[in-house]
Amino acid sequence: MCEDAHGIQRRALFVTGAAAALTLGSVSFASAAGRDQETKTVRGTLPPGSPDFVYVPVEVPSGVREIRVAYTYDRPSVPAGTPGNALDIGIFDERGTELGGRGFRGWSGGARTEFFLRADDATPGYLPGPVRPGTWHIALGPYTVAPQGLSYEITVTLTYGEPGETVRPVYPPPRAKGRGRDWYRGDCHLHSWFSDGRRTPAEIGALARAAGLDFINSSEHNTHAAHAHWADVAGDDLLVMLGEEITTRNGHVVALGTDPGTFVDWRYRARDNRFGRFARQIRRAGGLVVPAHPHATCVGCNWKFGFGEADAVEVWNGPYTPDDEVTLADWDSMLVASVREGRGWIPAMGSSDAHRDPDVVGSPQTVVLADDLTREAIQEGIRAGRSYVAESSRVTLSFRVTGGRGEHAGIGERLEVDRDTPVTVRLEVTGAPRCTVRFVTDQGVLFTSAPLPVSGSGVVEWLTTPSYAAYVRAELRHEAAAGPVPGALAAFTNPVFLGRRSAG
């Protein structure tokens, strides 16, 4: 075993796209002649304020069957309120580290301490394929660095020999059996062991079926390596869409329903002005752009890119918490602005973001009115806002508005009537015992019902006019814990817009 040290003085500045990153001195291996395996270890220390990505070049000779990487780093004590050390890891092959990910071969973030790649297999989160000769790069992501700095050790092992055969990937089909035009339930933000989850795709599929879901979306952090492992999970009763959770340092975004094998890079910040490029890539690949948990409090989770590129926004993420309440209010303000400015609006979604037990797959879930159970139909329903969000499959809503002459509109639609026309708002509910219904408009909450009976079923109606309410949406709230604070959501709908469109 050979050892090397990476001191600060040996760093060279490497620019990739708009973001600066450090490239360290390279790790070189001899030729494969007469060798079965060779290992080298390098050590170094990253100071506070390190760039988002640090690359360790590895000179890979020909004849390599497998590359294996293990790493450790120190976790010193830090003062209260100060982030400690957290170091992510991944790898790029001989095609390079250029922004866009042509050389991307895998990412495990901080979920694993080692990984391997070879032609016929790879650690979950990494892509099988030949280990070709050239300069590979181990990518380090110093997520947070303690005031004392971050000391790391990386061990690289090359195994020589004939490569195995790379298996052609098989992907899940873009359609399931479906029921024609109907309401379909789905969870579009899930993590398996192909990133930092602990469940296999098969386990997630079983939990999705038990939760009454019709569709799910694969959304691993910064890797598409799971795409080829969902075919056996899909079936006539479960549509599996493919995507990614792009986890930048300035917020996370779910690529929902992209073409199989689509990788979306995450190595940029809002100030780099690169997000638009990758949002367009998601759409070219047939996907939707959905900012995830925009007001989450974890480091790097708060959404900083704006919503100009969003096709929908994840308003409710996992168990309902105060940051979801903030996101709901923020989304409602965006609805008000869309009415005021006469522009398009952004629909809301909800997903579980489930990683491991006790995270509940399908809580919450987005219920979409779609023409069929296909990738395109589900995406079209989400994009149009023909959906509501419920805490489980037990909760069912039917929400519509009608005018005096029989005109009617449902969730995500517009009731085209004159501004002073009386309008009846009607919500039918099942599966929500003791919950309270609230009708929310551009003026705020204008109607609150008495609690529903313990049976959980009921019908609530309210009369208004387009001049009084430019839109109306429904919220279903659990009983409040105390005082005037509203209870947690049990369900909420996208809006129905009231009145004729302005000429402008």
Please answer whether the main-chain N or O of [Y] pairs with a side-chain N or O of [X] as donor and acceptor at a distance below 3.5 Å.
{"X": "Gln379", "Y": "Gly286", "value": "yes"}
{"X": "Asp88", "Y": "Gly110", "value": "yes"}
{"X": "Thr402", "Y": "His408", "value": "no"}
{"X": "Asn494", "Y": "Ile411", "value": "no"}
{"X": "Thr441", "Y": "Val472", "value": "no"}
{"X": "Arg280", "Y": "Phe275", "value": "no"}
{"X": "Thr144", "Y": "Gly84", "value": "yes"}
{"X": "Asp187", "Y": "Ile216", "value": "no"}
{"X": "Arg477", "Y": "Gly487", "value": "yes"}
{"X": "Gln443", "Y": "Tyr468", "value": "yes"}

What's the shortest heavy-atom distance between [X] and [Y], and which atoms?
{"X": "Val429", "Y": "Ala432", "answer": "CG1-CB, 3.8 Å"}
{"X": "Ser352", "Y": "Val361", "answer": "OG-CA, 4.1 Å"}
{"X": "Val315", "Y": "Ala348", "answer": "CG2-CB, 3.5 Å"}
{"X": "Gly404", "Y": "Thr421", "answer": "N-CG2, 4.3 Å"}
{"X": "Pro128", "Y": "Ala122", "answer": "N-CB, 3.7 Å"}

In terms of heavy-atom contacts, does [atom1] of [X] have more than 12 from other residues, nucleotides or ligands at under 6.0 Å?
{"X": "Arg198", "atom1": "CZ", "answer": "yes"}
{"X": "Asp232", "atom1": "CG", "answer": "no"}
{"X": "Arg102", "atom1": "CZ", "answer": "no"}
{"X": "Trp193", "atom1": "CH2", "answer": "no"}
{"X": "Arg343", "atom1": "CZ", "answer": "yes"}
{"X": "Arg283", "atom1": "CZ", "answer": "yes"}

Evaluate salt bridge (charged side-chain N to carboxylate O under 4.0 Å, His left out) for Arg400 paired with Glu413, printing each intermediate quantity in order. CA-CA 9 Å; Arg400 60 193 294 112; Glu413 298 175 341; over 6 Å; no
Hey, what's the ring geometry for [X] with [Y], parallel, tilted or perpendicular (30° and 60° as the breaks)?
{"X": "Tyr126", "Y": "Phe115", "answer": "parallel"}
{"X": "Phe104", "Y": "His224", "answer": "tilted"}
{"X": "Phe53", "Y": "Trp107", "answer": "perpendicular"}
{"X": "His252", "Y": "His293", "answer": "perpendicular"}
{"X": "Trp303", "Y": "Phe307", "answer": "tilted"}
{"X": "His189", "Y": "His191", "answer": "perpendicular"}

Would you check if there is a donor-acceptor pair between the side chains of [Y] and [X] at a distance under 3.5 Å?
{"X": "Thr321", "Y": "Asp323", "result": "yes"}
{"X": "Ser333", "Y": "Asp330", "result": "no"}
{"X": "Ser398", "Y": "Glu428", "result": "no"}

Should [X] and [Y] count as side-chain neighbours, where that means a heavy-atom distance under 4.5 Å?
{"X": "Glu380", "Y": "Arg386", "answer": "yes"}
{"X": "Thr262", "Y": "Leu242", "answer": "no"}
{"X": "Phe215", "Y": "Arg375", "answer": "no"}
{"X": "Thr258", "Y": "Glu244", "answer": "no"}
{"X": "Leu335", "Y": "Asp332", "answer": "yes"}
{"X": "Tyr184", "Y": "Asp372", "answer": "yes"}
{"X": "Ile246", "Y": "Trp266", "answer": "yes"}

Lys/Arg N to Asp/Glu carboxylate O, Asp214 vs Arg179, below 4.0 Å: yes
Can you list the steps and then say if Asp418 with Arg500 is a salt bridge (charged side-chain N to carboxylate O under 4.0 Å, His left out)? CA-CA 6 Å; Asp418 293 337; Arg500 304 191 188 280; 2.8 Å; yes
Taking ring pair (Phe, Tyr, Trp, His ring centres under 6.0 Å) as the criterion, tell me which of Tyr388, Tyr320, Trp331 meets it with Phe492. Trp331
Salt bridge (charged side-chain N to carboxylate O under 4.0 Å, His left out), that's the test. Do Arg199 and Asp359 meet it? Break it down for me. CA-CA 11 Å; Arg199 294 163 173 156; Asp359 297 352; 5.6 Å; no
With salt bridge (charged side-chain N to carboxylate O under 4.0 Å, His left out) as the criterion, how do Asp442 and Arg340 come out once you've worked through the C-alpha distance, each side chain's angles and the decisive distance to 0.1 Å? CA-CA 9 Å; Asp442 54 317; Arg340 182 180 64 245; over 6 Å; no
Check whether the ring centres of Trp345 and Tyr471 lie less than 6.0 Å apart, and answer yes or no. no
